[in-house]
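Keep in mind it's a predicted model, so treat the numbers as computed, not measured.
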Amino acid sequence: MPGLSPFSRLATPVDLDTYGEYRIVRRPDDPRPLYRFSARLSDNSPAGFTPRAGRYHLYAGWFCPWSQRVTITRALARLEDVVSVSYVDNQRDGRGWAFRERYGPDPVNGFTLLRQAYEATEEGFDGHISVPTLWDRATAGVVSNNFKTIGIDLATSFRHLATPIVDTYPERYRDEIEELDEWLNPAVNHGVGAAARPGPDGAHARTALLDAFAVLDERLATRRYLVGPTLTEADIRLWVTLVRYDVGPNATRAINPGLHEYPHLWAYARDLYTLPAFRATTDFTSFTAAGATIPDWHAPAIRTAA
């Protein structure tokens with residue numbers, strides 16, 4: 001099989017000359033969503049995806065903010081012994097994400113390429129291969145690669161098996177969390193990449209991003225978390241972008257002098273980094289641009305907001 005090392009269940013090294021760069025192929029006549037698998041976990045799941053200990057495995061990537069959202073939630077929900085996790089390599093070629101020596105082989109199926117999980121689920125799969133991917137041992141197939149709903153399900157569906165450190169998706173704040181996301185997702189989470197680009201589109205994205213940072217800074221001057229009195233999914237969704245900002249999209253300071261320009265937002269981000277679930281799921285080496293200086297995330301974050 002292409003990509004299979006003869007010595008172990010690991011993929012061969014990234015080979016752009018042979019396989020080219022990874023590309024997401026979208027056809028105008030294909031109405032299927034980019035994240036094609038989107039089943040949900042629940043006691044009354046139509047597909048039978050009930051929340052059970054040891055049934056599900058999470059394929060994740062240290063480099064990916066969308067993936068880190070889910071690994072943070074998994075930790076805060078105390079699901080380390082309920083939903084297992086493994087990590088793909090930080091680099092890919094045309095074959096997509098793969099399992100290599102740095103993070104070890106696939107412990108569940110022995111796949112060398114994450115593509116194999118998708119092909120095992122849908123014969124001839126021709127869509128996007130992404131992390132996080134939630135795998136079901138019982139049906140030997142992918143449940144979902146929709147990062148948003150995977151995170152929500154891990155936060156809410158396993159309460160009978162584990163008591164969370166904090167309820168990150170409390171029912172009374174769900175509407176506010178999602179309303180905030182409708183603004184932050186395009187302006188910040190997707191906006192940081194666009195803001196670093198030259199030209200009019202980049203300038204427009206920079207304005208929207210920095211305006212959002214200013215609003216967030218003002219909001220966090222009087223409160224410790226974005227929504228409600230405790231940490232929620234809203235904070236997780238924002239934080240994974242903030243931790244990558246000055247070492248990734250803004251590594252050359254093409255957008256602004258740095259996150260420290262917004263003192264309340266910067267203190268908020270460092271405050272969250274003191275929590276084990278955030279710190280233990282962060283590997284700066286996996287997303288820091290060459291030559292970038294990592295800010296001092298261990299500096300005391302003095303928060304006066306309640």
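- Centroid-to-centroid, the aromatic rings of Y118 and H128 stay 6.0 Å apart or farther.
- Screening I72, V70, T71 against I236 for a side-chain contact (heavy atoms from CB on, under 4.5 Å) leaves a single residue, I72.
- The existence of a salt bridge linking D126 and R36 is confirmed by a sub-4.0 Å separation between a basic side-chain nitrogen and an acidic carboxylate oxygen.
- When side chains are defined from C-beta on, P107 does not count as touching F99, because their heavy atoms never get closer than 4.5 Å.
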Apply side chain to side chain contact (heavy atoms under 4.5 Å, CB included) to residues Q116 and N109 and explain how you reach the verdict. CA-CA 9 Å; Q116 293 169 266; N109 297 295; over 6 Å; no
Begin with the C-alpha distance, continue with both residues' side-chain angles, and end with the deciding distance and a verdict on ring-ring contact (aromatic ring centres under 6.0 Å, His included) for F37 and F125. CA-CA 11 Å; F37 301 107; F125 180 80; 5.7 Å; yes
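- Within 6.0 Å of CZ on R219 lie more than 12 heavy atoms contributed by other residues, nucleotides or ligands.
- In the displayed structure, E218 atom CD is contacted under 6.0 Å by at most 12 heavy atoms of other residues, nucleotides or ligands.
- Between the side chains of T18 and D15, at least one donor-acceptor pair of N or O atoms lies under 3.5 Å.
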Passes side chain to side chain contact (heavy atoms under 4.5 Å, CB included), R102 versus D89? Steps please. CA-CA 7 Å; R102 180 169 185 176; D89 189 53; 4.2 Å; yes
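- For the pair S45 (side chain) and S42 (backbone), a donor-acceptor distance under 3.5 Å is absent.
- Taken from CG in N185 to NZ in K148, the straight-line distance is 7.0 Å, to the nearest 0.5 Å.
- Contact annotation: the side chain of R95 approaches that of T12 to within less than 4.5 Å [non-hydrogen atoms, C-beta and beyond].
- Distance CG/L216 to NE2/H264: 12.0 Å, rounded to 0.5 Å.
- Considering OG of S144 and CG of L41, their distance stands at 8.0 Å, rounded to 0.5 Å.
- Of the possible polar contacts, none joining the R92 side chain to the V14 backbone as a donor-acceptor pair under 3.5 Å is found.
- Taking all atoms of both residues into account, the shortest heavy-atom contact from A292 to V247 is CB-O, 4.0 Å.
- When only modelled atom types and interatomic distance are considered, N90 and S286 share no side-chain donor-acceptor pair under 3.5 Å.
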Any chance you could lay out the side chain to side chain contact (heavy atoms under 4.5 Å, CB included) test for W62 and T285, step after step, and finish with the verdict? CA-CA 9 Å; W62 288 98; T285 65; over 6 Å; no
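- Counting only heavy atoms from C-beta outward, the side chains of L220 and Y262 never approach each other to under 4.5 Å.
- A donor-acceptor pair is defined here as one N or O able to donate and one able to accept, closer than 3.5 Å; such a pair exists between the side chain of T281 and the backbone of F278.
- Side-chain contact between R244 and P65 is present, with heavy atoms from C-beta onward closer than 4.5 Å.
- More than 12 heavy atoms of other residues, nucleotides or ligands lie within 6.0 Å of CD in E122, so this atom counts as buried by the packing criterion.
- The shortest distance between side-chain heavy atoms of W183 and V215 falls below 4.5 Å.
- Relative orientation of the H160 and F158 rings is parallel, given thresholds of 30° and 60° on the angle between their planes.
- In summary, the aromatic rings of F111 and W135 are positioned with their centroids under 6.0 Å apart.
- Two residues are said to be in side-chain contact when any heavy atoms from C-beta on lie closer than 4.5 Å; F287 and T282 meet this criterion.
- Between I129 and Y22, the shortest heavy-atom distance links the atoms N-OH, 2.9 Å.
- Checking side-chain atoms of R78 against main-chain N and O of A162 turns up no donor-acceptor pair under 3.5 Å.
- Note: L242 CG to W297 CH2 = 6.0 Å, rounded to the nearest 0.5 Å.
- With hydrogens and angles disregarded, no donor-acceptor distance shorter than 3.5 Å links the side chain of E101 to the backbone of L10.
- The shortest non-hydrogen separation linking V166 to L231 is CG2-O, 3.6 Å.
- Around the CD atom of E179, the shell of radius 6.0 Å holds no more than 12 heavy atoms that belong to other residues, nucleotides or ligands.
- Between D235 and L226, the shortest heavy-atom contact is OD1-N, 3.0 Å.
- Residues V240 and V243 come closest through the heavy atom pair O-CG1, 3.5 Å.
- D246 places a side-chain N or O within donor-acceptor distance of the main-chain N or O of L259, the cut-off being under 3.5 Å.
- In summary, the side chains of D153 and Y56 do not present any donor paired with an acceptor at a separation below 3.5 Å, with no hydrogens or angles considered.
- Distance OG1/T232 to CD1/I177: 4.0 Å, rounded to 0.5 Å.
- Classification of R237 and E233 as a salt-bridged pair holds, one side-chain N sitting under 4.0 Å from a carboxylate O.
- In this structure, F213 has its ring center under 6.0 Å from that of Y245.
- For D30, the CG atom is densely surrounded, since the number of other residues' heavy atoms within 6.0 Å is greater than 12.
- Between N189 and W66 there is a side-chain heavy-atom pair separated by less than 4.5 Å.
- Between the side chains of S84 and R137, a donor-acceptor pair is found at a separation under 3.5 Å.
- For P249 against V192, the heavy-atom pair with the smallest separation is CB-O, 3.6 Å.
- Heavy-atom neighbours of H190 NE2 from other residues, nucleotides or ligands within 6.0 Å: above the threshold of 12.
- With respect to F63, the ring pair (Phe, Tyr, Trp, His ring centres under 6.0 Å) criterion is satisfied by exactly one of W97, F284, Y103, Y87: W97.
- Counting heavy-atom neighbours within 6.0 Å of D81 CG, excluding the residue itself, gives a total of 12 or less.
- Using modelled atom types, one side-chain atom of T121 and one backbone atom of V142 make a donor-acceptor pair closer than 3.5 Å.
- Taken together through direct or relayed side-chain contacts under 4.5 Å among Ile, Leu, Val, Met, Phe, Trp and Tyr, V83 and I152 form parts of separate hydrophobic clusters.
- Judged by the 6.0 Å distance and 45° axis criteria, R270 is positioned over the aromatic ring of W266.
- Side-chain N or O atoms of R100 include one that pairs as donor or acceptor with a backbone N or O of Q91 at under 3.5 Å.
- The CG atom of L265 lies 6.0 Å from the CG atom of D217; values are rounded to the nearest 0.5 Å.
- A donor-acceptor pair under 3.5 Å is absent between the side-chain atoms of R55 and the main chain of P51, judged by distance alone.
- In this model, no donor atom of one side chain and acceptor atom of the other lie less than 3.5 Å apart for Y169 and T73.
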